[in-house]
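The residues of the chain are indexed from 1 along the displayed sequence. Numbering of ligands and ligand atoms starts at 1, following listing order.
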Amino acid sequence: MTHQLDLLASEPPPPHGALRELRAQGLALRHGPGWLPEADRHLAALRDSVPWKQERITLFGRSHPIPRLTCWMGDPGCHYTYSGVRNAIEAWSAPVLAIKALVEAAAGCRFNSLLLNRYRDGNDKLDWHADDEPELDPGQPIASLSLGAARSFRLRPRDPAANPAAPLTLELGHGDLLIMAPPTQRHWLHQVPRRLRVRQERLNLTFRVIRAEAVRHV
Ligand SMILES: O=C(O)CCC(=O)C(=O)O
Ligand SMILES: [Fe+2]
């Protein structure tokens, strides 16, 4: 079922576990508010078990901590370079595999890698980008699962001159699933802006498919 974006505000929320479609030019999303069962238990398990890292990026010759904690997980060989950071791969852990199985069933796709982000409070953020790195398979969806504090997730067309669709903001809450299907990453950018009033932390898991040709067993 396809909805008009401007009708969404007047629609009742979808039943638990259902995904609503959001479409615009070059954009194909499916959003399930509160989709994950037992979200509290998953949040506690991930918070305590994931080997969170404080990565740094170098801008104009100066090194800065990135404004969130991260962890890269995946099948052996699924390396991924993100904002110039070549992440060490962690092996899949049991708490993550439990969520991965549910997300794969909903997305209809097998994921071989995952970026976990931990926004410690509303000061942590993620700037405008698309998940369009060359090692990612552009024909596969990216599935994003959120736990903890609700945060705004903004999307806008990459080239507003070519794409007149209006920017949109989703509030991604505890247990929400957001599937970003092709060609979303090609035509749209997304961000998680700072929200200084948010004191609680939020975890986000983006499941991805690294192209077979890019898997390197070194
Ligand atoms: O935290 C989010 O909701 C988005 C994360 C994201 O866009 C990414 O990891 O590439
Ligand atoms: Fe992203």
Side-chain donor-acceptor pair present, S146, R202, cut-off under 3.5 Å: yes
Which ligand 1 atoms does R208 reach within 4.0 Å, using its non-hydrogen atoms? 8 (C), 9 (O), 10 (O)
Nearest 0.5 Å please: distance from the CG atom of L36 over to the CG atom of L177. 8.5 Å
If we set the cut-off at 4.0 Å for heavy atoms, which region of R151 has an atom near ligand 1: side chain, backbone, both, or neither? neither
Residues passing the side chain to side chain donor-acceptor pair (under 3.5 Å) test with D124, sequence neighbours excluded, are R120
If the cut-off is 4.0 Å to any non-hydrogen atom of N117, which atoms of ligand 1 fall inside it? 5 (C), 8 (C), 9 (O)
Considering only heavy atoms of L115, which atoms of ligand 1 have at least one such atom less than 4.0 Å away? 9 (O)
So which N/O/S atom does D131 have closest to the Fe ion (ligand 2)? OD2
Just wondering, are more than 12 heavy atoms of other shown residues or ligands nearer than 6.0 Å to CD in Q200? no
Backbone, side chain, both or neither: what part of L178 comes under 4.0 angstrom of ligand 1, heavy atoms only? neither
Going by the order shown, which atoms of ligand 1 are within less than 4.0 Å of some heavy atom of H190? 7 (O)
Between R68 and T70, does any side-chain donor sit less than 3.5 Å from a side-chain acceptor? no
Can you list everything that forms a side chain to side chain donor-acceptor pair (under 3.5 Å) with Q25? Sequence neighbours excluded, please. none
Polar contact flag for N204 and ligand 1 (N/O pairs, less than 3.5 Å): yes
Interfacing atoms of ligand 1 (cut-off 4.0 Å, heavy-atom, F153): 3 (O), 4 (C)
Check if Q191 has a non-hydrogen atom at a distance under 4.0 Å from any atom of ligand 1. no
Is it the case that ligand 1 has an N or O less than 3.5 angstrom from some N or O of S144? no
Should V103 and V50 be counted in the same cluster of Ile, Leu, Val, Met, Phe, Trp and Tyr side chains packed under 4.5 Å apart? yes
For the side chain to side chain donor-acceptor pair (under 3.5 Å) test, which of R156, R154, H129 pairs with H190? H129
Does R118 approach ligand 1 within less than 4.0 angstrom via side chain, backbone, both or neither, non-hydrogen atoms only? neither
